[in-house]
Asks: 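For reference, the structure I am asking about is given below.
Lettering of chains follows the sequences in order, A, B, ..., and the numbering in each one begins at 1.
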Amino acid sequence: MEKKEIIVAVAGNPNVGKSTLFNVLTGKTVHVANWPGVTVELKQGVKKYRGKVIKFVDLPGAYGISASTMEELIAREFIVHGEPDVVLVLADSTAPERTLYLPIQILELTPKVVVALTKSDLTHKHGVHIYVDKLESILKVPVIPVSAIKGYGIRELLNAIIDVASGKKGRSNTLVVDYNGLEPFIKEVESYITKSKALSKYPSRWAAVRLLEGDSRLEELMEKAGEKDILDEVRKIRDSIKRSTGKDPSEIAITSRFNYVDSIVKETVVRAAGEQVSVSELLKLLGKAVVDQLERIFQHTVLGPIASLLLLFLMFLIIFTVNTGFPVNVLFDLLGFTELAEFVEAYSLAGLVELTFEIISSSISMLLEAQNVAPWIISLITDGIIAGIGAVLTFLPLIMFVSFFLAVLEDSGIAPRIAVAFNNIFVKFGLTGRAIYPYLISIGCNTPGILASRTSIEEEERMSIIGSASFVPCQARLVVILAFVTTYFKIPLYQAAAVISIYLMAFLVTLTTALFIRRVIFRKKEKPELILELPPIHKPSLKVVWWLTWSYSKHFLKKAGTIIFLVSVLTWFMINYGPTGPVDDISQSYGAIFGRLLSPFLTPFHINPETSWKVAYALINGFIAKECLVETIVLLEGGDIDVDEALLALGLTRVQTYSLLVFMTLYVPCLATLAVIYMESRSVKFTLGITVYIITVAYLISLIVYYILSLTTLYLIF
Amino acid sequence: MVLTLDKVPVGVKVKVVSVLGGYGIVNRLMQMGLTPGTIVEVVNNMGPIIVRVRGVTIALGRGMARKVIVERT
Ligand SMILES: Nc1nc2c(ncn2[C@@H]2O[C@H](COP(=O)(O)OP(=O)(O)O)[C@@H](O)[C@H]2O)c(=O)[nH]1
């Protein structure tokens, strides 16, 4: 009665090579799904092998399963309540001394384990040799060396999984680690908790050790089940251990586990003295020299941040240029190469996509007209639907480029070095260098940026990032900024100055907000502390980079794609229909009605009352998705009109344009971002509070900018 | 005098004696391998401290490093 479907939970330390192996195992079948027992979505993928359907579930990377972080808790809950047939635990074969800890800890919880030794193609280079057979005989579960990059060991791994699932191989009982001085207390706690219903799902020895270590999750379960009396007994024992040894039981337990790891490593791992570099291979030596040099630069207090900034600056320069022509077009223009500047702009990806869609849209409308299709249908198809798809596709290359560069930084191991380099600056704003990840990703798109806040160890830091990251101008906002700036500022130098100053302002507001959230909302005075693993710098693998790029981009397409598309169609409806049905005059439409409701807020900017409702309505749409802002204005002006003509029709002054841009950059994040802020903070109060804060800050800053610019001599240069 | 990790010069190997601090942080550091008795080598000591421990390189904030008590080997 063997089951046809096998569920495999995949666990491992961060950087152990889990995503890479997961991709090799499951290929393109990956998607996220909800699982019983855990409240979050987990990635899963399927592999058909030997007539079985093996379903892999990717647990969050964690160092242990002590539930001291969210990742650890999620991983553990799934192992206990998700009822996997096998837990595949990864250990890094280049660092077995550290990474064998997790398999040991999981073996204490469940015997259904397969251990994979990842990156085994690197062992030779690192001078590590692991006696796999011996390791297998000690752990009594299959241990399989694999290389996801070179693709070996995969078949053996799948065989081992099937064998363990069917009970042909592996152990039948959990692993018993010797906890020395804790042993008598473990026995005592075990005798108490046999009565506990809350813990019935957990092996009793394991639960006893965990309780002695102070496991907040298990305690919570017991309290909920009304077993406070048992818990009190356990706490008494814990306190008495603390008093008699002067040590926290968790310290004793972790040390015992690592001692056990050490004893295993001693028997099964040989490390050649020093790093093994084969001198004959000159190239390798050269590579090592480059890596060492990079390492030294990034770790330097002054050079590190400078190198990081330069690298990021260069990266975004390339991305922006390829996508929009900016800022290289401006540079060429400055130098007098006007034609070249136009060329760069026209042949930027955004330019090309725009052109393609203009052609498609006009040929379809001609085709439909010839068929005598009703004009409103033609208008819906060309101005609504096709324009919507076009807007989505204009963004795809942008997102892919950002994703690509981020993937390279991540896979090469440069990203954590950048985090270290930024740490000294970020600490002043109540953040660690780790915060650079979410912010960097936010430059591409805020939504995945906010999701990346999960890398924070400390809850307050995580909330500071969640609340502040939406001030980072995403690429959608860059497009809005560029559209306005190139329309209203003719001199390239001013264009560049306007864009750069808005970015700098936004970054400053972001960091200040992070500090504000930490100090004022959480009243936390201490600085957060950095803990970050630095994997070796290496040449990025194309395969991995492509996977990462594609997974980021797919996320964008799915999320933003649908929203942008829907908003385009909705906008088309809002401006073509009014309370009286279809309208010819836009100023009678629903859109105009909404816009007029909000336009009083724009009065302090002295915007022409004739057009201010259009700006206001565009701002509403910008809330649904920022990229729709310019879209909306174009549609408001009739649809088949160039972006710059449409913007000029608003009749703004340059000072107004600039202050409005400041507002548009800072004000409410788009709907999707708000949804993620709520998802990650799990607090309606926080989400609403942050929204009000963001709007207020954006409004005040842009007003201040407007009045300063209007009143001072700065006015002259505008 | 107690020696803490942030005072250790570059290139020197020391042995962890204990880790101070709250439950979460102690747990985290220990699970990353900084258990009492473990040998740690300081690789860099400007800004965040960078150490090699159990075959892995880890960066620690200075405040964090101050909580790791070590002794010379
Ligand atoms: N040489 C080699 N490198 C690998 C292998 N698997 C992963 N890596 C690298 O190890 C790093 C971490 O891998 P990743 O899958 O992102 O780790 P995760 O954090 O566990 O998901 C990446 O830079 C990978 O390129 C492997 O089999 N061989």
Asks: Please tabulate, for the side chains in residues 260-267 of chain A, all donor-acceptor contacts under 3.5 angstrom to protein atoms that are two or more places apart in sequence or on a different chain.
Replies:
| residue | atom | partner | partner atom | Å |
| --- | --- | --- | --- | --- |
| A/Asp262 | OD1 | B/Arg54 | NH1 | 2.7 |
| A/Asp262 | OD2 | B/Arg54 | NH2 | 3.4 |
| A/Ser263 | OG | A/Tyr260 | O | 2.7 |

Asks: Checking B/Ile50 against chain A: side chain, backbone, both or neither under 4.5 Å from a heavy atom?
Replies: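 Just its side chain gets close to chain A.
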Asks: Is the closest side-chain heavy-atom distance between B/Pro48 and A/Asn424 below 4.5 Å?
Replies: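 In contact.
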Asks: Consider only side-chain N and O atoms of B/Gln31 and A/Ser66, and report whether a donor and an acceptor are under 3.5 Å apart.
Replies: yes
Asks: Only pairs of heavy atoms separated by less than 4.5 Å count here; which of A/Ala419, A/Pro528, A/Gly64, A/Ala62 has the most with chain B?
Replies: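 Most heavy-atom pairs within the cutoff with chain B belong to A/Gly64.
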Asks: Do the non-hydrogen side-chain atoms of B/Thr57 and A/Glu533 ever get within less than 4.5 Å of each other?
Replies: no
Asks: Under the salt bridge (charged side-chain N to carboxylate O under 4.0 Å, His left out) rule, collect the residues that match up with A/Asp215, sequence neighbours excluded.
Replies: A/Arg76, A/Arg210
Asks: Which residues in residues 62-73 of chain B have a heavy atom less than 4.5 Å from any heavy atom of chain A?
Replies: B/Arg62, B/Gly63, B/Met64
Asks: If contact means a heavy atom pair closer than 4.5 Å, which residues of residues 8-17 of chain B contact chain A?
Replies: none
Asks: Taking atom CD1 of B/Ile25 and atom CD of A/Glu458, what is their separation to the nearest 0.5 Å?
Replies: 7.5 Å
Asks: Answer whether the closest heavy-atom distance between the side chains of A/Ile531 and B/Met32 falls below 4.5 Å.
Replies: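 Yes; the side chains approach each other to less than 4.5 Å.
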Asks: Could you tell me which of B/Pro36, B/Gly37, B/Gly55, B/Ala59 has the largest number of non-hydrogen atom pairs under 4.5 Å with chain A?
Replies: B/Ala59
Asks: Could you check whether any side-chain heavy atom of A/Ile254 comes within less than 4.5 Å of a side-chain heavy atom of B/Asn27, counting everything from C-beta outward?
Replies: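 Side chain of A/Ile254 against side chain of B/Asn27, heavy atoms only: contact under 4.5 Å found.
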